[in-house]
2 protein chains.
Amino acid sequence: METKARIADVARVAGVSTATVSRALSLPDRVGAETRDKVLRAVAQTGYRVNSAARDLRSRRARAITVLVPNLANTFFSRIIASVQEVADAAGLTVQISDSMVEGPRLHTFGRDGRSDGILLLDGTLDAQTVAGWGVPVVMVCEWLDAPGMPGVGTDNVAGIGLAVGHLAALGHRDIAFLGGPAGNVLSDARGQGYVDAMARSGLTIRPQDRLDGDFTMESGARAAHVWAATPESATGVVCASDESALGFISECDRLGLRCPDDVSVVGFDDIEFSDRFIPPLTTVHQPRAAFGRQAAELLVAALQNGVPLPTQRTIIASHLVVRGSTARR
Amino acid sequence: METKARIADVARVAGVSTATVSRALSLPDRVGAETRDKVLRAVAQTGYRVNSAARDLRSRRARAITVLVPNLANTFFSRIIASVQEVADAAGLTVQISDSMVEGPRLHTFGRDGRSDGILLLDGTLDAQTVAGWGVPVVMVCEWLDAPGMPGVGTDNVAGIGLAVGHLAALGHRDIAFLGGPAGNVLSDARGQGYVDAMARSGLTIRPQDRLDGDFTMESGARAAHVWAATPESATGVVCASDESALGFISECDRLGLRCPDDVSVVGFDDIEFSDRFIPPLTTVHQPRAAFGRQAAELLVAALQNGVPLPTQRTIIASHLVVRGSTARR
DNA sequence: GGTCATCATGTAATCGTTTACATGGCCGAA
DNA sequence: TTCGGCCATGTAAACGATTACATGATGACC
């Protein structure tokens, strides 16, 4: 109980071989009931814990999956991770969470180093070659890579922004701006495209001043508010590529003396926890984050444990609009 | 390059022994420059990646530390984790993040299973016996356990709440309520004590209706708002045990037609990212989260790599008050 | 020139499991 | 009774690295 007990210690105490101890613990049906009890008693008495390095080495699997998040500080991801953990837990797998922003140099050792059997990748900015080199199953969540044939779970971002634009148009807004995400990001591109499509569909025109730069963060939303406020004939409605930037935008408008939704209607994208409690509560496109995590984890677990081949396409889960207080009739 | 290459493959390609390969990679100074180059070329050619299960097993260390967080969805923790990762990265250690809420049953196998060499524990509600059984160095962050002699890093919660109460008192508030945290939590207790102390010091009395129940969450803050609004002669200032509950409180007040800070002044605790962007921006007690993470990680790394003994007391880092728009003169 | 330290490298034991294969006991069928 | 099959268990060979110890070369010093 004091120092680390090994399986041989348990075997000695129980009066059986190490093989029997191993089987009693991982395949209880394969040993006699009496022996099993003896082993379990010995385990309790010695305080034995399996050494997972040894186990992983011998069995050539880690019984763990890794969730690779672009930025842990972004609250959007936590709900996804929570449901991944539920699924993995039920399957007897451990979840390791890493931040790809920090793991930079270590990134290319990921699968091959044997620390995890599969990866849930929430970062679409990684090099496709690096990912291909991991050598373990990978499922993308929300974002995706340019590489074709990679399994993934996410929403239809074009359609999502369409809901937002449609909502503002229905409220009588004619000049609708778009506060975008970081250039080069697949979500930014898709949502930007959704804006263009939806404006055309609604018969509205996009003026140069209707495109506001951002990068999903609150700070970028605040900066965009200054640009917007300084523009003549500025838009009366703003669709944002993320909730955080929407909140930053509204917040900075407030400091400039402009009220939402009286002076400007704002729609977000994501539906993070804070949006419902903001003043005003944010109208936004709700993403089913729990479903993303659950479904992605289920795909990975099925591939790992039952050999079910991973799909070669993204699974699309629909988003829907949540109308709250940040949008009003023009 | 295709299938997994082992160290023996690299050795063969480079024309040296496995021992030399191992040394060339982990102790570059101990091999000749020419040999080192040969090995590195062979590594590149074979696509070799060290198998960490084998390495961990043989060297009896995991080169990893675990951060155990009570709830990943709480944005308070992300900044702490980020600075932990910086320190660990510089020391060549991997950071594994786990949610103690989910890991429940697996919790007791933590250190002993050899997956990590040390633990940063952000959850003060764990059983002290379980923690003692881990058998690896543990440093508490923010919260702490009842067990004495355990190293930790955090702030003086009593003093922190004192700043908040003092601020409201200085603004002329005489009836100051306290929106507490979950019962039994060490932070709740300390902050509750800070409220009692500070009220006494300011010569103010605490009436029964000045104690509002909460659990750090936005929802609990919202519920407390109803209680507060329904109370006759309710307090004019509210000190909250967390930012989230403060934001929930203000948000719900707004829905009830009561404005902050005109109808009530509110102070939070934590200074999470959203607080600065709330409307109104939240006056709150700022916790140096980056410093918490950095200092705790440094203690652990020093203990792990240089054998520096861990302190037997908590390291206190001062908090300070950030005055924003949610408090006003009575 | 002999001795010894130093250095680069090789040989092989070792870390703690899992698991393929072997063994022996027991039981039912022929 | 004999044989085959099944079951519970034991024996020992992996898994893939690190590292204590051994070896041989080199060069400094007296």
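Since we're looking at a predicted model, the values are computed, not measured. Here is how names work: the chains are called A, B, and so on, in the same order as the sequence lines, proteins then strands, and each is numbered from 1.
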Show me the donor-acceptor pairs within less than 3.5 Å that the side chains of residues 59-70 of chain B make with the rest of the protein, sequence neighbours left out.
unit_1  : atom_1 : unit_2   : atom_2 : d
B:Ser59 : OG     : B:Arg55  : O      : 2.5
B:Ser59 : OG     : B:Arg63  : NH1    : 3.1
B:Thr66 : OG1    : B:Ser116 : OG     : 3.0

Could you tell me whether B:Asp56 and A:Arg115 make a salt bridge, using a distance below 4.0 angstrom between a side-chain N and a carboxylate O?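 Here B:Asp56 pairs with A:Arg115 in a salt bridge, since their nearest N and O are under 4.0 Å apart.
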
Look only at the side chain of [X] and the backbone of [Y], and say whether a donor-acceptor pair between them is shorter than 3.5 Å.
X	Y	answer
B:Gln305	B:Ala91	yes
A:Thr18	A:Ile7	no
B:Ser188	B:Pro182	yes
B:Asn306	B:Val308	no

Determine all donor-acceptor pairs shorter than 3.5 Å in which one atom belongs to a side chain in residues 309-317 of chain A; sequence neighbours excluded.
unit_1   : atom_1 : unit_2   : atom_2 : d
A:Arg314 : NH2    : A:Cys142 : O      : 3.3

Side chains of residues 19-34 of chain A: which donor-acceptor partners sit under 3.5 Å, not counting sequence neighbours?
unit_1  : atom_1 : unit_2  : atom_2 : d
A:Thr20 : OG1    : A:Ser17 : OG     : 3.3
A:Ser26 : OG     : A:Ser22 : O      : 2.9

Without decimals, in angstroms, what is the distance between B:Asp56 CG and D:dT19 C1'?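 After rounding, the reported distance stands at 16 Å.
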
Angle, rounded to 10°, between the helical axes spanning five pairs at each terminus of the helix from C:dG1-D:dC30 to C:dA30-D:dT1?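 Between the axes fitted at each end of the helix from C:dG1-D:dC30 to C:dA30-D:dT1 lies an angle of 50°.
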
Residues B:Thr46 and B:Asp9: side-chain donor-acceptor under 3.5 angstrom: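 No, no side-chain donor-acceptor contact under 3.5 Å.
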
Under 4.0 Å protein heavy-atom contact, by nucleotide of nucleotides 6-11 of chain C - B base, S sugar-phosphate only: --SBBB

Minimum heavy-atom separation for B:Ala190 to B:Trp144, with atom names?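 Nearest heavy atoms, B:Ala190 then B:Trp144: CB-CH2, 4.1 Å.
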
Would you tabulate the pairs of protein nitrogen or oxygen atoms and nucleotide nitrogen or oxygen atoms of nucleotides 13-16 of chain D closer than 3.5 angstrom?
unit_1 : atom_1 : unit_2  : atom_2 : d
D:dA14 : N3     : A:Arg58 : NH1    : 2.9
D:dC15 : O2     : A:Arg58 : N      : 3.4
D:dG16 : OP1    : A:Arg60 : NH2    : 2.8
D:dG16 : N2     : B:Ala54 : O      : 3.4

